[in-house]
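Quick note: residue numbers are just sequence positions, from 1.
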Amino acid sequence: MSQAEKLKLMVVDDEPDNLDLLVRTFRKDYRIFRADGAASALKILDTEGEMAIIISDQRMPLMNGTEFLSKTVERFPDTIRILLTGYTDVDDLVEAINSGKVFKYITKPWNPDNVKRIVKQADDTYRILKKRTNQLERTVRREALFNSVTTAIRESLDYSSSLKTIVTTIGKTFEAKRCILRPVDEHQLMAEYFSYQAEGEAEGEPLPNDDPDPIVQNVLQHHKTQICQNIRDGDRRLHLVVPLIWRQKLLGVLSLYQEDSDKPWLREDIELIEAVSEQAALAIFQAKLYQRIQLQAQQMQDELEVARQIQNNLLRQSWPDVEGVGLQAHCYAARQVGGDFFEVYIHPQGDVWLAVGDVSGKGVPAALFMASGISILRRELAQEISPEPEVVMRNLNSIMSDDLFSTNCFITMVLARYTPQSRQLVYANAGHVYPLVWSHPLVIEQQTLSETNLTVEPNYLSTRGVPLGILRIWKAQAGTLTLNQGDILLLISDGITEATVKGSSSMLGTLGLWQLVLQESAPFNLTNLLTRIRACTNNIQEDDQTILSLEVL
């Protein structure tokens with residue numbers, strides 16, 4: 001056994017003969033350190049560090065064995081301590097065992113064979129203890145590093161930030177002079193790399209992109225850890241390159257550099273670095289996935305913004321003035337695009353056509369049906385002779401029913417035709433919210449007389465059929481009525497009536513809407529009414545909201 005492989009054993013006794021005897025007994029199997037008292041023993045420990053075994057006499061001047069051994073417990077908890085005593089005082093032995101953490105005590109004069117047996121037991125105990133301690137330290141270290149990498153994953157999914165955190169964490173943990181992480185895409189090193197430089201070290205030279213280090217090239221080809229060791233100018237230099245692999249795909253190459261270190265990497269350190277590399281690879285995989293999702297999400301947002309603009313352009317932003325008629329309309333999607341729509345069409349014969357529709361569902365699918373519905377509706381309304389509302393509704397259902405059936409969608413809709421000359425209103429309703437008609441001058445008159453007891457009631461146009469897309473052939477009666485000067489027709493979508501009232505779980509409903517209408521002054525302003533609606537309902541819009549009014553002037 002070489003001197004470096006032997007365990008260190010210290011013998012402490014103020015009697016030279018005892019020291020000589022112990023040294024002769026164990027010098028063959030141990031690296032022996034001798035001290036003639038507690039003070040000199042402590043100095044040796046300061047210089048040499050931990051001893052595997054300490055054999056100390058109890059009765060020594062200035063400091064006895066129990067006191068001396070107790071001073072070594074906190075600094076060297078793994079050391080095995082043996083106490084030599086020439087007497088068998090129970091109190092001293094108990095104190096030695098408790099405060100000095102004594103493994104065994106030996107009475108003088110001792111039997112050499114008995115001493116060898118006890119020291120052999122101490123030797124075995126120390127080796128087992130150190131082995132378990134080292135295993136525990138490696139486990140704790142591994143766990144700490146895993147936690148650091150995991151924390152890096154949790155704290156930032158930004159690609160560049162994650163890679164910088166990983167290379168810094170691993171570089172610091174393994175006391176590398178320099179650590180470099182080079183991402184790999186499709187078996188090629190990326191131009192961008194991330195590096196860690198130990199404090200006080202000079203900045204390393206930039207890495208070449210077209211001619212990587214041969215050891216790095218080897219890892220790229222074989223996906224195996226490579227280690228290169230050389231001596232330069234008397235310094236021991238170590239270059240370790242580890243592949244970062246996740247699900248059998250190489251995502252990066254990690255290079256660690258160590259130079260003339262007091263704690264050179266052991267085989268177990270390299271194994272730990274390899275284990276951590278899997279966590280690092282997971283971090284890179286998640287960061288790249290998150291980056292890709294972010295890019296896709298941004299692209300989708302950009303496309304939806306374009307779709308929103310297109311959808312807004314589909315809805316008429318203006319229409320010709322019609323004598324004796326005031327028209328107002330607003331449509332707000334709950335998302336970028338939605339399924340609500342309205343139409344205001346002035347027929348060449350003078351009829352004013354109004355429509356409010358709501359495609360089931362939200363988002364892009366509903367918006368596509370909305371666009372299709374408006375296109376077909378405008379074609380139907382543009383006939384030479386102004387058609388009947390129920391006929392237009394039946395034609396819409398016939399044209400769109402196959403697509404609506406196949407996607408399990410439907411459309412609710414109110415379509416009304418107002419003739420200014422006769423003030424006649426004809427309407428068809430396909431499962432939509434009832435339109436409201438009221439005399440606004442009468443509302444203003446009652447507001448003047450009383451602020452609390454308003455008795456005006458709206459006329460709910462309740463003639464209604466099933467939504468479009470439910471039946472192959474749509475059938476329903478048309479409703480008719482004559483409007484008077486000052487009457488207002490209000491068409492809405494269910495995003496208005498089903499909005500949740502603030503501070504409760506109840507919906508606004510047609511009754512709540514009517515109470516807000518009663519607060520409107522003259523002239524009637526749809527924007528003001530919408531402001532009142534939003535003031536009393538939740539800030540988060542849960543559904544598309546569309547509202548359209550016709551006032552007889």
Side-chain angles (χ1 to χ4, degrees), residues 297-317 327-344 354-374 407-414 429-436 458 460 467-468 488-520 524-550:
Q298 185 59 51
Q299 290 174 351
M300 186 177 295
Q301 287 292 329
D302 295 342
E303 292 172 359
L304 286 174
E305 178 59 26
V306 173
R308 184 189 67 80
Q309 295 175 6
I310 293 173
Q311 187 176 44
N312 285 342
N313 292 335
L314 284 174
L315 302 176
R316 294 193 192 276
Q317 306 301 314
L327 297 168
Q328 302 176 65
H330 295 283
C331 181
Y332 298 99
R335 301 177 183 175
Q336 287 91 336
V337 293
D340 272 18
F341 62 91
F342 71 84
E343 173 66 352
V344 176
L354 307 175
V356 169
D358 182 3
V359 181
S360 61
K362 302 180 184 67
V364 174
L368 292 174
F369 276 118
M370 167 266 188
S372 177
I374 285 182
T407 55
N408 200 28
C409 291
F410 60 86
I411 301 174
T412 67
M413 180 177 169
V414 171
N429 189 333
H432 202 75
V433 181
Y434 293 151
L436 287 74
Y460 293 104
L468 305 179
I488 295 178
L489 167 67
L490 188 68
L491 307 182
I492 59 174
S493 68
D494 60 8
I496 299 288
T497 55
E498 294 181 1
T500 304
V501 177
K502 286 181 178 178
S504 72
S505 59
S506 60
M507 295 184 294
L508 180 65
T510 53
L511 181 59
L513 173 62
W514 176 243
Q515 295 304 312
L516 296 177
V517 169
L518 290 176
Q519 301 175 35
E520 287 299 310
F524 178 75
N525 188 300
L526 204 56
T527 301
N528 291 342
L529 178 59
L530 270 174
T531 301
R532 292 181 187 276
I533 292 171
R534 294 188 171 183
C536 74
T537 56
N538 285 340
N539 294 330
I540 300 176
Q541 184 178 332
E542 300 169 353
D543 197 0
D544 303 333
Q545 295 181 344
T546 303
I547 189 165
L548 184 154
S549 68
L550 178 148

Locate the shortest heavy-atom distance separating [X] from [Y]; write the atom from each residue and the value.
{"X": "Gly431", "Y": "Thr412", "answer": "O-CG2, 3.4 Å"}
{"X": "Gly339", "Y": "Ala366", "answer": "CA-CB, 3.6 Å"}
{"X": "Gly495", "Y": "Gln545", "answer": "O-NE2, 3.2 Å"}

From [atom1] ([X]) to [atom2] ([Y]), nearest 0.5 Å:
{"X": "Ser549", "Y": "Leu436", "atom1": "OG", "atom2": "CG", "answer": "11.5 Å"}
{"X": "Ser493", "Y": "Phe341", "atom1": "OG", "atom2": "CZ", "answer": "10.5 Å"}
{"X": "Ser360", "Y": "Ile411", "atom1": "OG", "atom2": "CD1", "answer": "8.0 Å"}
{"X": "Asn528", "Y": "Leu516", "atom1": "CG", "atom2": "CG", "answer": "12.0 Å"}
{"X": "Asp544", "Y": "Asp340", "atom1": "CG", "atom2": "CG", "answer": "4.5 Å"}
{"X": "Leu490", "Y": "Gln328", "atom1": "CG", "atom2": "CD", "answer": "10.0 Å"}

Side chain to side chain donor-acceptor pair (under 3.5 Å) assessment of His330 paired with Thr546: CA-CA 6 Å; His330 295 283; Thr546 303; over 6 Å; no

If we only count heavy atoms from C-beta on, is the [X] to [Y] side-chain gap below 4.5 Å?
{"X": "Leu530", "Y": "Ile496", "result": "yes"}
{"X": "Glu343", "Y": "Leu354", "result": "no"}
{"X": "Asn429", "Y": "Pro435", "result": "yes"}
{"X": "Thr510", "Y": "Tyr460", "result": "yes"}

Residues two or more places apart in sequence or in another chain: which of them pass side chain to side chain donor-acceptor pair (under 3.5 Å) with [X]?
{"X": "Thr497", "answer": "none"}
{"X": "Gln301", "answer": "Gln336"}
{"X": "Ser506", "answer": "Ser504"}

Would Ile488 and Leu550 satisfy side-chain contact (heavy atoms from CB on, under 4.5 Å), going step by step from the backbone distance to the final call? CA-CA 6 Å; Ile488 295 178; Leu550 178 148; over 6 Å; no

Phe342 vs Ile547, side-chain contact (heavy atoms from CB on, under 4.5 Å): CA-CA, chis, key distance, verdict: CA-CA 8 Å; Phe342 71 84; Ile547 189 165; over 6 Å; no

Let me know which of Ile492, Leu491, Asp358 forms a side chain to side chain contact (heavy atoms under 4.5 Å, CB included) with His432.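 Among Ile492, Leu491, Asp358, the one that satisfies the side chain to side chain contact (heavy atoms under 4.5 Å, CB included) with His432 is Asp358.
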
What pairs meet the side-chain hydrogen bond (donor to acceptor under 3.5 Å, both in side chains) rule with one or both residues in residues 529-538, with sequence neighbours excluded?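 Matches after skipping sequence neighbours: Gln519-Arg532, Glu520-Arg532.
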
Which is it for Leu368 and Val359 under the side-chain contact (heavy atoms from CB on, under 4.5 Å) test, yes or no, and what are the steps along the way? CA-CA 9 Å; Leu368 292 174; Val359 181; over 6 Å; no

Only counting residues at least two apart or in another chain, list the ones meeting ring-ring contact (aromatic ring centres under 6.0 Å, His included) with Phe524.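 Listed in chain order: Trp438, His440.
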
Pairs in or reaching into residues 494-504: which pass salt bridge (charged side-chain N to carboxylate O under 4.0 Å, His left out), with residues at least two apart or in two chains?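 Listed once each, the pairs would be none.
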
